[in-house]
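Contents: one structure, followed by commentary.
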Amino acid sequence: MPNITLPDGKQIKFDKPVSGFDICDKISKSLTKNALIMSVDGKQKDLSFNIETDSKVKIFTAKDKEGLETIRHDTAHIMAMAVQELYPGTQVTIGPVIENGFFYDFARKDPFTDDDLKKIEKRMSEIIDKDVKTRREVWDRDKAIGHFKKIGEKYKAEIIESIPKNEELSIYHHGDTWHDLCRGPHLVSSGKIGKAFKLTKVSGAYWRGDSDNEMLQRIYGTAWSSQKELDDYLKRIEEAEKRDHRKLGKEMDLFHFREESPGSVFWHERGWSLFQKLVDYMRYRQKKAGYKEINTPEILDRSLWEKSGHWEKFGEHMYTSTTPDEKIFAIKPMNCPGCVQVFNQGLKSYRDLPLKMSEFGKVHRYEPSGALHGLMRVRAFTQDDAHIFCTEDQITSESLTVTNLILNIYKDLGFNNVILKYSDRPDVRVGEDQVWDKSEAALLEAVKATKLEYSINKGEGAFYGPKIEFVLRDAIGRDWQCGTLQVDLNLPERLGATYVDKDGSKKIPVMLHRALFGSLERFIGILIENYAGKLPFWISPLQVVVIPISDDFDEYAKKVSEKLNDSDINSIVDLKNHNLNYKIREHSLSKIPVLLICGKKEVDSNSVTIRKLDNNKQETMKLEKFLEQYTALSKVPSN
RNA sequence: GCCCUUGUAGCUCAGCUGGUAGAGCAAUUGAUUUGUAAUCAAUAGGUCCGCGGUUCGAAUCCGUGCGGGGGCACCA
């Protein structure tokens with residue numbers, strides 16, 4: 001008879017098979033009330049599951065991740081039930097739990113509207129009020145397939161057909177009228193879901209995630225264990241929207257997009273200044289790290305891209321150009337072939353290795369229209385690119401050096417939380433498998449040596465080599481992919497790169513591709529969202545606006561601004577005929593970090609009154625002292 | 001690229017079931033000379049995204065193209 005071990009080590013003996021409810025009863029009344037599901041020897045089960053042998057059992061409530069996920073899963077089921085009640089003929093497909101919620105994909109001719117979502121929510125609410133009971137059944141595979149085919153659920157039937165034959169098929173009934181194939185576990189009844197849910201959006205989604213398949217309609221929802229958690233979540237979404245770099249970019253007068261060139265940025269003075277500051281900073285850091293900066297053509301003859309393999313493997317993303325004499329050129333989508341040509345010019349010795357060549361190269365890629373998204377995904381972008389030519393023995397150590405540089409630079413820009421993604425060979429690739437074996441092993445060794453958290457992405461490497469990607473977490477917990485490091489044992493050979501080794505023979509170097517910001521454009525988008533537009537002083541494009549209280553003080557204000565600019569603090573004077581309040585509001589909205597107010601008091605004492613963004617505390621300071629303090633703040637961080 | 005949705009003044013938006021456009025802010029001009037998040041007034045500003053169609057008549061309805069947004073697929 002079962003001997004149940006609880007997580008705290010406590011054991012309870014039963015003299016007959018027990019369900020989760022029986023166990024809860026033995027522990028406390030409140031647990032019986034709050035329990036949602038349980039795990040038996042690490043496997044999640046319905047509370048009604050009967051345990052017959054000695055087991056380790058853990059009970060989950062809404063406070064546990066497992067409990068909350070079950071609430072979301074049940075909400076998805078109840079949504080599907082509501083949809084099928086309201087819209088007969090709609091087929092169900094899959095409905096998993098995702099971060100913060102769930103979705104369910106449906107096959108239906110007419111599109112779901114926002115109005116439909118409200119109706120569905122209302123029906124869900126009614127089903128929850130009815131507190132319909134959940135019942136699990138195990139079905140025979142052929143019976144299940146036949147059944148779902150008969151009731152017109154061809155997608156469900158297809159799912160069952162793809163489940164391995166030895167797996168148990170469970171059907172969950174919710175009430176007497178609706179059922180779905182599901183692995184479970186589920187709550188005991190719909191009332192346990194509560195009312196802290198909301199359907200958020202409807203979108204298209206391919207059946208089985210394959211763009212060759214038909215498109216289904218996906219309804220997304222979110223569900224929580226309390227109304228407060230739901231409200232908090234909705235508030236977080238709202239906060240994230242306020243940080244949207246497209247909105248802030250407009251307000252801060254940084255850049256804009258227009259129809260004539262979708263996915264390409266029109267940088268305004270302030271945005272371009274920010275861009276240049278990042279480039280200057282990166283130049284400074286790379287020079288210190290031993291990189292040599294080069295620059296290569298944006299347009300290169302087709303033959304080079306054929307040799308490099310881009311024409312074949314990357315062609316659908318490439319812009320091409322035909323000249324009046326009918327030669328075909330490609331606008332570079334990557335900087336690597338050009339860089340290799342610089343390496344190829346003249347003889348290189350093993351003594352030159354590792355040779356680090358950097359390039360702020362602007363590349364163009366024809367991205368699918370649906371992928372474009374502000375600065376985050378564009379068709380023309382600038383990479384802070386570099387290629388390191390080295391020997392196979394140097395791969396691991398050079399990769400580590402790059403990683404340390406990246407982490408250091410991210411820190412300067414306010415990002416301390418970085419994880420790695422390691423990707424190995426993709427299906428579409430160039431090069432022999434043994435070559436891939438070598439480069440994958442060397443890179444993975446470097447990944448492990450960083451001791452950072454990493455994940456492995458199978459088959460997602462570049463077509464010429466495995467890669468690591470650097471993902472940073474921003475101020476509100478979102479992950480952004482930025483830097484990348486790729487090992488390449490293929491391109492140097494294809495493009496005929498060699499160096500003279502100790503013994504006088506010619507050898508093929510290994511090439512490491514790396515970018516730290518990845519795309520300057522995207523990185524600026526990330527910076528804006530991370531700081532909600534309130535950039536650190538040193539990187540702010542316009543750092544100070546000097547505001548005279550009235551036009552009696554215009555001359556003094558101009559003098560102050562000139563002195564700031566002489567000290568490399570970027571400033572302007574606001575001489576417009578508006579009052580102080582107006583000007584403070586206007587410049588605060590465009591996220592100027594420091595406003596300097598000048599009136600009689602300041603003129604008389606040769607000082608300025610400082611008004612920082614989001615801080616209406618005022619501080620009056622001698623102009624000389626301000627210059628000294630803020631010139632220091634304006635410098636690139638050095639560590 | 002695919003599904004849904006959307007496109008009106010520099011910006012944010014209103015314009016019901018078809019009758020040739022309206023607000024606030026911004027701009028310009030004038031008044032005001034201001035001490036920490038919007039001073040007042042006047043003026044000017046629009047091939048209602050493009051192209052076709054229906055209609056006596058289209059910002060409004062239909063088709064199509066382009067752009068934006070949310071997803072999917074793709075990806076820095």
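Convention: sequence-line order gives letters A, B, ...; per-chain numbering from 1.
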Distance from F360(A) atom CZ to L520(A) atom CG, nearest 0.5 Å?
7.0 Å
Under 3.5 Å, is there an N or O donor on one side and an acceptor on the other linking the side chain of D551(A) and the base of rU33(B)?
yes
Expressed in angstrom and rounded to an integer, what is the separation of F255(A) atom CZ from rC11(B) atom P?
15 Å
Neighbours of RNA chain B within residues 591-600 of chain A, by heavy-atom distance under 4.0 Å
I597(A), G599(A), K600(A)
Please confirm whether Y87(A) and F106(A) have ring centers closer than 6.0 angstrom.
no
Which residue pairs pass the salt bridge (Lys or Arg N to Asp or Glu O under 4.0 Å) test when at least one of the two sits in residues 474-488 of chain A, sequence neighbours left out?
R473(A)-D479(A), D474(A)-R478(A), R478(A)-E529(A)
RNA chain B: 5'-proximal contact among I610(A) and F112(A) (nearest heavy atom)
F112(A)
Whole-Å distance, L248(A) CG to rC11(B) C1', equals 15 Å
If you draw the axis of the six-membered ring of F517(A), does the NZ or CZ of R522(A) fall within 45° of it and under 6.0 Å from the ring centre?
no
Distance between the P atoms of rG65(B) and rG19(B), in whole angstroms?
28 Å
Nearest-angstrom distance from the residue atom OH of Y556(A) to P of rG35(B):
19 Å
Rounding to an integer number of Å, can you tell me how far D552(A) CG sits from rG35(B) P?
13 Å
Along nucleotides 64-76 of chain B, 5' to 3', which nucleotides get a B, which get an S, and which get a -, given that the test is a protein heavy-atom distance under 4.0 Å?
--SS-SBBBBBBB
Is the distance from OP1 or OP2 of rU39(B) to the nearest side-chain N or O of N579(A) less than 4.0 Å?
yes
Do R72(A) and Y233(A) meet the cation-pi criteria used here (NZ or CZ under 6.0 Å from the six-membered ring centre, within 45° of the axis)?
no
